[in-house]
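Just below is one structure, and these are the notes that go with it.
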Number of protein chains: 2
Amino acid sequence: MVAHSLRARVRAGMIDEIKAVARRHLATDGANLSLRAVARDMGMVSSAIYRYFPSRDDLLTALILEAYEALGDAVEAADAGVDQADLRGRWHAVCRAARAWALAHPAEYALLYGSPVPGYAAPEDTVAPAQRPPVTLVGILRDGVAGGRIDASGEELPEPLRSDVAELAALLAVDLPPALLARGMAGWTQLFGLISFELFGRINKTLPHRDEYFDHQTALMADLIGLPAA
Amino acid sequence: MVAHSLRARVRAGMIDEIKAVARRHLATDGANLSLRAVARDMGMVSSAIYRYFPSRDDLLTALILEAYEALGDAVEAADAGVDQADLRGRWHAVCRAARAWALAHPAEYALLYGSPVPGYAAPEDTVAPAQRPPVTLVGILRDGVAGGRIDASGEELPEPLRSDVAELAALLAVDLPPALLARGMAGWTQLFGLISFELFGRINKTLPHRDEYFDHQTALMADLIGLPAA
DNA sequence: GCTCGTCAAGAGCAGTGCTCTCGGTTTTGA
DNA sequence: TCAAAACCGAGAGCACTGCTCTTGACGAGC
């Protein structure tokens, strides 16, 4: 099967090269990725690309998937690199990792979290990788509750909401008090908003010390969630 | 000047009709607005549009400006419709108004707060209307401090950040303790994140009671900011 | 009445995603 | 081993896009 493997290998290499060139175009020209430009860059004709990706959207989907995985890797690695008992340290590490990845790959971040492309619907494959960052965050909460370092027994959600959030907790397979999960979701929402504001240029120009601002804002959310200091 | 006024009037009407048709296209087809399709809808030829808008980006800019104004109107009206002493009520009213406008005009919201169009740079005219919602929010804080209903004297920001935020307060012409303004900005960031998550389909399907979820999340932020109950 | 500015229309250019066909190569299976 | 099948790149072509330029008609002001 060397022959078959050889053909498959050059094909896989071709796919990788197309994705690499496309990612380069994405970084420079923004979200409007041109198949013809990618083909031109590779010394090919545009129709040849269709041997490897049935449509432009499929190429985009492949890039999106890889971007989700890269972000998930960065976030989980940051979480694993901190003393697991230091909940607040993990929280900040995860937030910083997500922001750093977004700043390093703005176009890909926009692809993931920007306004959805009109005709494009994300396939089912993307939902699992997309949930890795929030799952990492709720993992911090889970460990905190399990270790007794987060006390969430005092708060109760009003009823239509409580069962919704409880169902979400069951879906995520984490045993968390709904009120605490809701606070965690607030933190995740805030993290996304912070990064998006900074990346999409809506942060006010009068904020030169962006790192400090980011850390302070995420610290506020850590307070809101109830993460204890190390 | 009746004659000239007449000519100017039909021209203004033409501009309004183009914008109306474009807005309709925006609502149905999403962000990729086609000048030719707009012209076709009006029984015109595409080149005729260029008599009124020098480019597609200029049309988009006009739509963006109007959208900012509409959102600003909705937000400020909601704020004005509540007893000004009820800070928390004003906060919730503003949040709900922003969300309602976004849900009613998803494509325009995406235009304002989605990922920026690659080649497009928002002109200077848009920054003032864009600041109306956050300015409305800090207005609530200003009133709270002035009325003694918000006590923000206890918190101090660390130094590189404190002067940044203080400068921002000066730029917004509000006399707020930096720490409080930072909390307000967290609320604004959270509001944007909440709406974007819901609109861009990232909110988990297992959350049928979205109104309750939204209210609860914004209430969390009201707590964080320190808004007193009515 | 004449001139000038404004207007809609049309042709045309460069670019896009995508389809189809045509040869040539490689892999496969009898 | 050798033909059949699968695969591949190139090219032409379709419908579409934003945009420019020219042409001819219309209306307002001197």
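Labels below follow one simple rule: chain letters A, B, ... track the order of the sequence lines, proteins then strands, and each chain is numbered from 1.
Summary of the strand contacts: Arg36(B) and Met14(B) both lie near DNA chain C, and taking for each the nucleotide with the nearest heavy atom, the more 5' one is attributed to Met14(B).
If you check every strand for non-hydrogen atoms under 4.0 Å, Leu33(A) touches sugar and phosphate atoms only.
Regarding Arg9(A), its CZ atom lies at a distance of 17 Å from the C1' atom of dC7(D), rounded to whole Å. A straight line from CD1 of Ile49(B) to C1' of dG18(D) spans 12 Å, rounded to a whole angstrom. Atom OH of Tyr50(A) is separated from atom P of dT21(C) by 17 Å (rounded to the nearest Å). What separates CG of Asp29(A) from P of dG15(C) is a distance of 13 Å, to the nearest Å. Counting to the nearest Å, the P atom of dC16(D) and the CG atom of Asn32(A) are 21 Å from each other. Taking atom CG on Asp41(A) and atom P on dT16(C), their separation rounds to 11 Å, with Å as the unit. Atoms NE2 (His25(B)) and P (dC16(D)) sit 13 Å apart, rounded to a whole Å. Protein atom CZ of Phe53(A) is 16 Å distant from nucleotide atom P of dT19(C), rounded to whole Å.
Under 4.0 angstrom from either OP1 or OP2 of dC8(D) there lies at least one side-chain N or O belonging to Arg11(A). Close to dA8(C), at under 4.0 Å from its OP1 or OP2, lies a side-chain N or O of Tyr52(B). For dA15(D), the OP1/OP2 oxygens have no side-chain nitrogen or oxygen of Arg40(B) closer than 4.0 Å.
Because its NZ or CZ atom is both nearer than 6.0 Å to the ring centre of Phe214(B) and within 45° of the ring axis, Arg99(B) counts as a cation-pi partner of that residue.
Using a cut-off of 4.0 Å between Lys/Arg side-chain N and Asp/Glu carboxylate O, Asp211(B) and Arg96(B) are scored as not salt-bridged.
For Ser34(B) against dG18(D), a side-chain-to-base donor-acceptor contact under 3.5 Å is absent. You'll find a donor-acceptor pair under 3.5 Å spanning the side chain of Arg51(A) and the base of dG9(D), going by distance alone.
The two residues Ala98(A) and Leu71(A) make their nearest non-hydrogen contact at CA-CD1, 4.1 Å.
Thr136(B) contributes no side-chain N or O that, together with a main-chain N or O of Glu76(B), makes up a donor-acceptor pair within less than 3.5 Å. For the pair His105(A) (side chain) and Trp101(A) (backbone), a donor-acceptor distance under 3.5 Å is present.
The side chain of Leu35(A) sits closest to dG17(C) out of dG9(D), dA8(C), dG17(C). Taking every side-chain heavy atom of Ser46(B) into account, dC19(D) is the closest of dC19(D), dT19(C), dT16(C). Checking dA10(D), dT16(C), dG9(D) against the side-chain heavy atoms of Ala37(A) singles out dT16(C) as nearest.
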